[in-house]
Amino acid sequence: MMDWNGSTPANRQHCVYALPVGAPCASANLAQLDSGRARDVDGVLGVFFASDIPGINSIQTERGNDPLLAEGEVTYAGQPVCVVLGRSPEACRNGAEALNIEFHPLASILDLDHARAMQTYEKEPQVLSRGDIQEWLGPGEPVLTGSVSLETQLPFPSTAIVARCRRRPDGRVDLEVNGGIPSDIRSVVSRIMRIPESRVFVNYEPVASCADGGERVARMAAGLVALAATRTTDEVSLVVDREWDTLHRSKRRAVYAKYEVSCDEEGRLMAVNIDYLLEAGHILDESQPALDRLLLHSDGAYYIPNFCASARLCKTNYVAGSDLAAEGSAQGSFVIEEILSHVAQHLGLSPERVRAANFYREEEEYSKTPYGQRAPAGLISRIWRETLTLAELEVRREEIRNWNAEHPYFKRGIGMIPVKLGVGDPRTERNQATAGLQMLPDGSVRAWAGLIDNGEPWRVRIAETVCRNLGLEPDRVWVTAPHSDSGIRNAASLGVDPVHLASQAVREACRQIKQRLRTVAGQMLAASGQSSFEVEDIRFGDGWVYVGPNPSSGFRLEEVSAEARRRRVDLGATGHFRTPNLLWNPAAGEGSPFEDFAVGAAVCEVELDAFSGECRLLRTEIVHDAGDSSSPACDRGVIARGFAFGYGWLFSESLGWTADGTLTQDALDSYALPGYSDTPLAYRIALLRTSGVSPDGGEGGRAARSLRESPVVLSLAAREAVKDALRSFGAPPGLVVNLSFPCSPSAVMNALRDLAQRVVSHGRPRAS
């Protein structure tokens with residue numbers, strides 16, 4: 001299952017190879033582990049089982065129940081049972097074939113339907129509620145009911161994960177990994193090898209995206225080569241092939257929700273009750289954050305006076321994880337949007353009208369979420385109006401009606417969706433960042449922040465923060481990601497807004513340096529005859545340090561920096577920031593779990609082919625709150641990437657499993673991904689600059705919003721457009737379109753058939 005092609009460059013000497021041996025089934029007991037014959041194979045240097053791990057058998061940094069090697073039982077297909085170390089790939093393969101491992105297969109659960117049938121629930125349901133549900137949803141009350149099934153998603157690996165490890169005689173361990181978060185890998189290797197984390201040095205290459213689910217694969221690959229390196233001082237190499245990668249890569253969790261709704265004739269929600277089932281995957285603790293975010297986003301952008309959402313985890317035998325964009329929050333947002341769509345169709349009202357009628361409002365009574373945190377009500381309404389204007393929605397609806405009247409076999413539809421996504425993680429320990437700053441004698445600055453390279457413009461934003469606080473020009477600041485030597489821990493890449501956290505840490509480091517420079521500058525200004533000022537009055541701007549309105553009355557920053565060096569003043573600083581006032585009590589269902597909210601809206605127009613079920617995305621307009629965006633072009637690219645990620649999930653990507661728990665789709669010829677043909681013919685993304693958040697850079701600065709996760713939710717606008725197009729085939733008011741996830745051509749054709757049958761039944765006279 002492994003491929004070593006190109007894994008050992010010619011200039012590398014004394015390299016050995018590691019080969020993980022995985023379980024052939026999704027659930028089994030390990031009855032026998034015998035490596036006697038394998039160790040006698042020529043070229044095999046060792047075989048490692050869980051009992052050979054000197055430290056902790058886990059690839060988790062915060063929770064310890066995801067084992068590197070199976071111990072006693074297997075919980076998913078392909079789970080590593082042992083790793084073979086050899087002088088060549090052939091020796092490793094021969095050693096693996098000589099192993100005597102006996103599995104006693106158990107019944108495996110591979111999807112949510114099976115888990116529901118077998119009731120393999122974890123823990124008791126977790127509940128989020130307010131108001132009195134029973135009063136509105138009791139017997140005799142008019143209630144809408146329905147259900148939603150959201151499928152899982154595989155973030156397809158773009159490049160092979162490569163891991164190499166060498167243990168040096170002095171106890172230092174050098175790792176090379178082209179993926180994951182370096183500080184997390186460092187912690188995992190330290191725990192597995194049972195050595196201080198200070199001895200582990202990780203070199204990594206920039207990754208294509210932080211939202212590809214590859215963090216777990218990188219941690220596992222690093223842990224396997226590190227374990228093998230405990231027996232040799234040669235370099236151990238491992239290259240993960242696509243089949244192995246797709247089995248172990250974190251996948252999006254499937255969700256099943258059933259709901260009850262009470263509303264008035266205008267579409268305003270009076271009461272909503274939602275019961276969720278969420279796939280937990282093969283481990284429980286990794287699923288808790290996803291369940292929290294599911295519940296915390298089950299209200300969407302809407303104020304619901306009587307609301308109850310309960311969620312329960314179902315154990316399944318495959319790898320699910322939380323290192324995916326908008327994991328949990330997207331599923332919760334999709335369900336409430338489906339409810340609003342159901343209400344609009346049932347009442348025969350415009351979906352936009354129904355959504356706008358239920359938005360959070362700025363009055364104190366109508367702006368609190370079910371868990372007690374205040375929602376950005378004014379911003380939601382403002383962005384909704386801006387999007388309506390940008391998309392010219394009413395004009396286009398009339399144009400679409402005219403076009404549909406002339407085309408009986410092709411129909412167009414349009415849909416609009418808002419998003420209110422919490423920025424922050426219910427796990428408070430993830431809401432922190434560290435950054436460092438060093439001012440050089442010429443007044444230029446080097447800064448480093450605990451962020452990974454993932455194609456986003458975070459260096460620009462960090463540099464901007466330094467410039468604002470120290471009054472520097474951009475060409476005087478150089479920003480880099482931290483090397484493992486620096487010891488800075490990388491900020492979490494998903495769930496939180498890592499750039500904002502790092503910017504705040506940089507701001508703290510700038511504050512320390514400014515305080516030291518003010519003392520030096522104050523003495524210099526006093527010596528030049530300026531004495532009527534306080535040290536706190538000293539300002540930094542345009543490369544000068546001064547008091548009063550005229551910068552040139554002071555000193556150049558490089559002069560003050562050089563003088564500080566002569567006076568032996570420390571011009572290096574480390575800043576740390578943790579988001580204040582975060583609190584989430586899952587048992588009580590209340591608190592303030594988010595630092596802020598990312599707000600946006602999208603309009604999509606599609607064209608549907610009634611002969612094939614194919615849908616073409618014609619136009620997309622997105623308006624998103626960007627805060628003080630310093631790199632609008634890059635921010636638009638981040639939004640487009642997130643939208644495409646969600647669009648693939650909703651329209652084409654679907655996983656299947658064989659009876660033994662292996663994937664039926666593990667290559668591009670069997671797993672459908674969005675391509676060039678799925679790109680909208682017209683794409684407009686507008687960034688809305690707003691205030692109202694903690695500043696990230698000096699007076700007047702405003703934090704740029706996190707843009708990487710909320711566009712995943714906005715992709716639902718395309719699905720709403722498909723439902724609008726389906727209704728154009730003759731659905732009367734009050735008839736609800738049933739469209740399953742994902743909206744593949746076959747799903748669209750099934751929806752058409754179902755709609756045709758119900759339209760015919762709807763038109764028949766009822767028997768007396």
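As the structure is a prediction and not an experimental result, all values here were calculated from the model.
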Is the closest side-chain heavy-atom distance between [X] and [Y] below 4.5 Å?
| X | Y | answer |
| --- | --- | --- |
| Val547 | Phe533 | yes |
| Ile622 | Tyr683 | yes |
| Met524 | Val560 | yes |
| Arg355 | Tyr302 | yes |
| Leu296 | Phe594 | yes |
| Met439 | Leu517 | yes |

For [Y], does its backbone N or O pair with a side-chain atom of [X] as donor and acceptor, under 3.5 Å?
| X | Y | value |
| --- | --- | --- |
| Ser553 | Asn550 | yes |
| Arg539 | Tyr546 | no |
| Ser190 | Ile195 | yes |
| Glu558 | Gly443 | no |

Hey, do the aromatic rings of His297 and Phe597 have their centres closer than 6.0 Å? no
Taking the six-membered ring for Trp, is the centroid-to-centroid distance between Phe359 and Trp384 below 6.0 Å? yes
I would like to know whether Trp584 and Asp292 meet side chain to side chain contact (heavy atoms under 4.5 Å, CB included); could you show each step before the answer? CA-CA 9 Å; Trp584 169 236; Asp292 286 338; 3.4 Å; yes
Between [X] and [Y] (salt bridge meaning N to carboxylate O under 4.0 Å), is one present in this structure?
| X | Y | value |
| --- | --- | --- |
| Arg461 | Asp635 | yes |
| Arg619 | Glu621 | yes |
| Arg578 | Glu429 | no |
| Arg172 | Asp170 | no |
| Glu559 | Arg556 | no |
| Arg293 | Glu327 | no |

Over 12 foreign heavy atoms within 6.0 Å of CD, Glu534: no
Below 30° counts as parallel, above 60° as perpendicular, anything between as tilted: where do the rings of Phe643 and Tyr647 land? parallel
First locate atom CD of Gln373, then atom CG of Asp596, and finally report the distance between them rounded to the nearest 0.5 Å. 8.5 Å
Got a second to check how far Arg516's CZ is from Leu571's CG, nearest 0.5 Å? 7.5 Å
Using only heavy-atom distances, determine whether the side chains of [X] and [Y] contain a donor-acceptor pair under 3.5 Å.
| X | Y | value |
| --- | --- | --- |
| His576 | Gln432 | yes |
| His500 | Glu595 | yes |
| Glu508 | Gln504 | no |
| Ser187 | Arg489 | yes |
| Tyr371 | Asp299 | no |
| Asn431 | Thr579 | no |

Return the minimal non-hydrogen interatomic distance between Pro155 and Ser250, and the atom names on each side. CD-O, 3.3 Å
Shortest non-hydrogen separation from Ala433 to Ala491 and the atoms involved: CB-CB, 4.2 Å
Residues at least two apart in sequence or cross-chain that pass side chain to side chain donor-acceptor pair (under 3.5 Å) with Glu563, listed by chain then number, are Arg566, Arg567
Run Arg476 and Ser444 through side chain to side chain donor-acceptor pair (under 3.5 Å) and show every step you take. CA-CA 5 Å; Arg476 306 282 290 171; Ser444 63; 5.1 Å; no
Under the side chain to side chain contact (heavy atoms under 4.5 Å, CB included) rule, what do Arg636 and Arg684 come out as? Steps first, then yes or no, please. CA-CA 9 Å; Arg636 291 187 182 96; Arg684 288 194 291 174; over 6 Å; no
Any chance you could lay out the side chain to side chain contact (heavy atoms under 4.5 Å, CB included) test for Leu557 and Phe540, step after step, and finish with the verdict? CA-CA 8 Å; Leu557 182 59; Phe540 294 74; 4.1 Å; yes
Do Leu324 and Val712 pass the side chain to side chain contact (heavy atoms under 4.5 Å, CB included) test, and can you show the C-alpha distance, the side-chain angles, and the key distance before you say yes or no? CA-CA 10 Å; Leu324 290 170; Val712 176; over 6 Å; no
